[in-house]
Amino acid sequence: MSEGNPVVELAKRRGFFLQSAGAYGGVSGFYTFGPEGAALKQNIEDTWRERFTIQEGNMEVDAPTVMPEPVFEASGHLDGFDDMLVECPECGDSHRADHVVEDNTDIEDAESMAIERVEEIVAEYELTCPTCGAGLAGQAIQQFNLMFETNIGPGSSSPGYLRPETAQGIFVEFPQLAEYARNQLPFGVTQIGRAYRNEISPRKSLLRVREFTQAELELFIDPEEDEPDLESVEDVTAPFYPVSEQEAEDGELIETTVGEVFEDGIVDDPWIAYYLGIAKRWYESIGVDMDRFRFRQHLPGELAHYAADCWDAEAEVDGDWIELAGFAYRGDYDLSKHAAHSDEEFTIFKQYDEPITVERPTVDPDMSYLGPEFGGDAAAVADALDSLAERDPDAFRDAQADDGVVRVEVEGQEYTVPIEKVGFEIEEVTESGEHITPHVVEPSLGIDRALYTVLDHSYREDEVDGETRRVLELPPEVAPRTVGVFPLMDRDGLAERAREIVDRLRDAGLAVTYDDSGAIGRRYRRQDEVGTPFCVTVDYETLGEGDDPSLEGTVTVRERDTTEQRRVAISGLSETLTALRDGAITFDDL
RNA sequence: GCGCCGGUGGUCUAGUGGUAGGACCUGAGCCUUCCAAGCUCAUGGCCCGGGUUCAAAUCCCGGCCGGCGCACCA
């Protein structure tokens, strides 16, 4: 992934990705996908959509990348994404100031404190640099927010942020999305889109960037009722790296099935297990090497505070394990947050099997009395009576026996209401169900990292007659183009015939490239480098002018990985290539 | 953000205080009946700004970008 890496060199040279705005010196952490990369990325997204949206019966949305500030107040990103950095005056190292405080004092949750307060604490406790031990008192703490900030409309009265994850765009629309799902759990909502994080130090090519594409599924479930179809993935095998192995001296990967890890309690939640199985199949299908892939459980310290359990999909790239995806059980954290901060309900009405009858204390205050008596506070008094009835119905019974008045407190002031003006009753009501806040299961994937991993894992170098042959062994389904069409030579009508074939194949919906420049071998090599799985060559036999007249109307189809060739009739060529691309047949079936 | 190292055509690189050469790639032509063959020609470059100097791509300073290490990665 670093400079001098042959995969990065190839990616730049052949148009997979390049650093953006190079004409202006470049900008760190932003990449442009070139023609090959954009096609590859689109194909990867299409297969994800097929697997996680269509096959799962979920619905896809497309939310804005800019959201107003309250959304991120509710989600916790406004505070949680704010880092406090303090720089050591001696050694120059920067550290998280809140971590320094929490690690060296009894103070907890320094993260949520004001900057000034943390500065005071650092001075009070005479805290020192974790690296060199120099005193940090008096050092200014710098605020660094990972979110890109902007303004919505003129002026700065309406701040907005570029979303740091796509998920919030789904959560905030939950009330309407539940309606679209006819208020039936479970339902899943997917989104593929850009997210933005103003990283301090982007590194390692496409693996750590400031703008990236996420593919996320938010599955809303009833935690008491809904279960995944685990049977459909129980035989999927994958390497698992649970906490116990990570903490062991000689911990190792456990190669086993999804069914087993769930049975053994290694993966606690059935939904997480289910999506690990789905995701493993998908990563394999797009060309991630399963010998360099694993599912790693989050260590206790890594877990977000609301997450019961979390697993990452990881791939080995250049000797490092990088995170490709996270699978988290988020509980009702997200929906509860938005319910608390917004004016909407983020619940689903869940019907009981049988309606139940309950006794419920109610009040129906006489507003024609309360109004004149309490003026502007009348409504608040009525509310207070209402909640008192729910909380402590005995207060009303006592009032009847006692002095005949009910006492409530509104903003510190006591009000007394005659019991006969309260309208207190114990009602028998029939309830057919209750409002529940669904729990969220979230598989969240990084598309750019998947793309980079696929490039890295599919790259191969062969020696052929002393020459290096570079090949991207991309699965046909995701390759930027499915087929290259060449005339054996650019004369004698071969090129014209080849162009006719290009048109036919494109009409059939295939991604085709045409090339008649230079020797045929060079053209094969060009396609090898960008991962085109098949090449079609028009030769003299095609025209009926070769040694074997029976081959008229046929072309050679060459397979990238073996460089073997088979003759195929032009009449069935588009069907054959489509079947090869979709995996309906293999090259050996020809 | 800190430290060290670096930045020459699309890619990989040589090089000097007097404005640059190669290889590959790419394009045109010739040749060529299946895996980067050959010949001819052509396109294309010293990261940006400032300083020193008669003269800077070269030396110095700053910036930008990259690699590595540290920190960060909710």
Side-chain angles (χ1 to χ4, degrees), chain A residues 1-6 8-15 18-30 34 72 75-96 98-100 111 129-132 142 144-147 164-165 197-205 207-210 302-307 322-323 326 462 464-471 486-492 494 517-529 535-543 545-547 555-558 560 562-565 567:
Chain A
M1 71 191 81
S2 49
E3 204 170 90
N5 179 316
V8 171
E9 186 272 322
L10 185 143
K12 275 158 77 176
R13 186 164 47 79
R14 297 305 310 269
L18 62 146
Q19 197 178 19
S20 296
Y24 293 91
V27 56
S28 184
F30 294 92
F72 300 111
S75 70
H77 286 102
L78 209 53
D79 292 331
F81 252 49
D82 244 350
D83 282 347
M84 302 181 208
L85 297 180
V86 60
E87 187 180 333
C88 172
E90 293 297 322
C91 69
D93 277 6
S94 281
H95 297 276
R96 288 273 297 268
D98 49 327
H99 289 181
V100 173
E111 194 178 347
C129 171
T131 308
C132 71
Q142 293 185 331
F144 189 82
N145 193 316
L146 273 315
M147 285 197 292
E165 62 174 22
R197 293 179 195 180
N198 201 1
E199 298 281 356
I200 297 171
S201 157
R203 285 273 174 92
K204 296 180 188 294
S205 179
L207 298 180
R208 184 123 171 257
V209 291
R210 291 185 165 126
E302 280 180 278
L303 283 174
H305 58 278
Y306 50 79
I322 60 159
E323 179 188 342
D462 286 345
V464 180
D465 299 332
E467 295 265 11
T468 302
R469 173 174 176 256
R470 297 182 180 81
V471 191
F486 318 139
L488 184 59
M489 276 175 296
D490 186 14
R491 67 180 196 201
D492 301 327
L494 290 165
S517 150
I520 187 82
R522 177 186 299 268
R523 289 176 255 156
Y524 286 140
R525 294 290 199 272
R526 280 188 188 130
Q527 294 310 311
D528 287 342
E529 270 196 343
C535 289
V536 164
T537 299
V538 172
D539 58 16
Y540 287 92
E541 271 73 21
T542 309
L543 303 180
E545 297 171 9
D547 298 332
V555 291
T556 63
V557 176
R558 175 230 192 219
R560 175 196 63 205
T562 60
T563 75
E564 283 175 20
Q565 293 181 309
R567 284 206 89 88

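Quick note on labels: first sequence line is chain A, next is B, and so on, each numbered from 1.
The minimum heavy-atom distance linking A/Thr537 with A/Val555 is given by the pair O-CB, 3.5 Å. Closest approach of A/Ala21 and A/Val27 over heavy atoms only: CB-CG1, 4.4 Å. Scanning all heavy atoms of the two residues, the minimum distance from A/Glu541 to A/Asp547 falls at OE2-N, 3.2 Å. Here the shortest heavy-atom pairing between A/Thr563 and A/Arg469 reads CG2-NH2, 3.3 Å. Contact record, A/Arg14 with A/Arg526: NH1-O, 3.2 Å, taken as the closest heavy-atom pair. Between A/Ile200 and A/Arg210, the shortest heavy-atom contact is O-NH2, 3.7 Å.
In terms of position on RNA chain B, the residue among A/Met489 and A/Glu302 whose nearest nucleotide sits closer to the 5' end is A/Met489. The nearest heavy atom of RNA chain B to A/Val27 and to A/Asp539 marks one nucleotide each, and the one closer to the 5' end goes with A/Asp539.
Considering only the side chain of A/Leu488, B/U33 comes nearest among B/C35, B/G66, B/U33. When the nucleotides B/C73, B/C12, B/C34 are ranked by their closest atom to the side chain of A/Glu199, B/C73 comes out on top. Taking every side-chain heavy atom of A/Ser201 into account, B/A71 is the closest of B/C35, B/A71, B/G69. Here the nucleotide nearest the side chain of A/Arg470, chosen from B/G1, B/C34, B/A36, is B/A36. Side-chain proximity of A/Lys204 to B/C72, B/G69, B/G27: nearest is B/G69. Candidate nucleotides B/C35, B/A37, B/G10 were compared by shortest atom distance to the side chain of A/Arg558, and B/C35 ranks first. Residue A/Arg203 places its side chain closer to B/C2 than to any other of B/G66, B/U33, B/C2. Nearest nucleotide to the side chain of A/Ser517, out of B/C34, B/G27, B/C65: B/G27.
Nucleotide B/G44 forms a pair with no other nucleotide shown, judged by Watson-Crick or G-U wobble geometry with both contacts under 3.5 Å. Partner assigned to B/G6 is B/C65, using Watson-Crick or G-U wobble distances below 3.5 angstrom. Checking B/C25 for Watson-Crick or G-U wobble geometry (two distances, each under 3.5 Å) identifies no partner in any strand. For B/C70, the paired nucleotide is B/G1, the pair qualifying as Watson-Crick or G-U wobble because both relevant distances are below 3.5 Å. Base pairing annotation: B/A37 forms no Watson-Crick or G-U wobble pair, as no partner gives both donor-acceptor distances under 3.5 Å. Partner assigned to B/C59 is B/G51, using Watson-Crick or G-U wobble distances below 3.5 angstrom. In this structure, B/A20 makes no Watson-Crick or G-U wobble pair, since no nucleotide meets both defining distances under 3.5 angstrom.
The side-chain heavy atoms of A/Phe486 and A/Leu494, taken from C-beta on, include no pair separated by under 4.5 Å.
Taking atom P on both nucleotides, B/A28 is separated from B/G1 by 46 Å, rounded to a whole Å. Going from the C1' atom of B/G63 to that of B/G10 covers 26 Å, rounded to whole Å. To the nearest whole angstrom, the two C1' atoms, one in B/A37 and one in B/U32, are 9 Å apart. Separation of the C1' atoms belonging to B/C60 and B/A42 is 40 Å when rounded to the nearest angstrom. Taking the P atom of each, B/C2 and B/G62 are spaced 12 Å apart, rounded to whole Å. Using atom P as the reference point in both B/C72 and B/C65, the two lie 22 Å apart (nearest Å). Spacing of C1' atoms, B/U19 relative to B/C54, comes out at 15 Å, to the nearest Å. B/A14 and B/U58 are spaced 14 Å apart, taking the C1' atom of each and rounding to whole Å.
For the pair A/Arg13 and B/U26, the criterion of a side-chain N or O lying under 4.0 Å from OP1 or OP2 is not met. A sub-4.0 Å separation between OP1 or OP2 of B/A36 and a side-chain N or O of A/Arg525 is present.
The distance between atom CG of A/Asn5 and atom C1' of B/G67, rounded to the nearest whole Å, is 12 Å. B/C72 atom C1' lies 12 Å from atom CZ of A/Arg210, rounded to whole Å. The interatomic distance linking A/Arg522 (CZ) with B/U33 (C1') rounds to 18 Å, in whole Å. Across the protein-nucleic acid pair, A/Phe486 atom CZ and B/U32 atom P stand 21 Å apart, rounded to whole Å. If you take CZ of A/Arg523 and P of B/C25, they are 15 Å apart, rounded to a whole angstrom. Between A/Phe30 atom CZ and B/C65 atom P the separation is 11 Å, expressed in whole Å. One atom, CG of A/Asn198, and another, C1' of B/G1, lie 12 Å apart when rounded to the nearest Å. Summarising the geometry, the separation between OH on A/Tyr524 and P on B/C35 is reported as 8 Å, rounded to the nearest angstrom.
With hydrogens and angles left out, the side chain of A/Thr556 and the base of B/C34 share a donor-acceptor pair within 3.5 Å. Taking 3.5 Å as the limit, the base of B/C25 and the side chain of A/Arg526 contain no donor-acceptor pair of atoms between them.
Within 4.0 Å of A/Arg14, counting heavy atoms only, lies no atom of the nucleic acid at all. A/Glu165 comes within contact range of at least one nucleobase, with a heavy-atom separation under 4.0 Å. The residue A/Glu529 sits close to a base: some heavy atom pair falls under 4.0 Å. Nucleic acid contact class of A/Gln19 (heavy atoms, under 4.0 Å, all strands): sugar-phosphate only.
Of the possible donor and acceptor atoms, none in the side chain of A/Arg203 sits under 3.5 Å from a partner among the backbone N and O of A/Arg208.
A/Arg13 has a carboxylate O that lies under 4.0 Å from a charged side-chain N of A/Glu529, or vice versa, which qualifies the two as a salt bridge.
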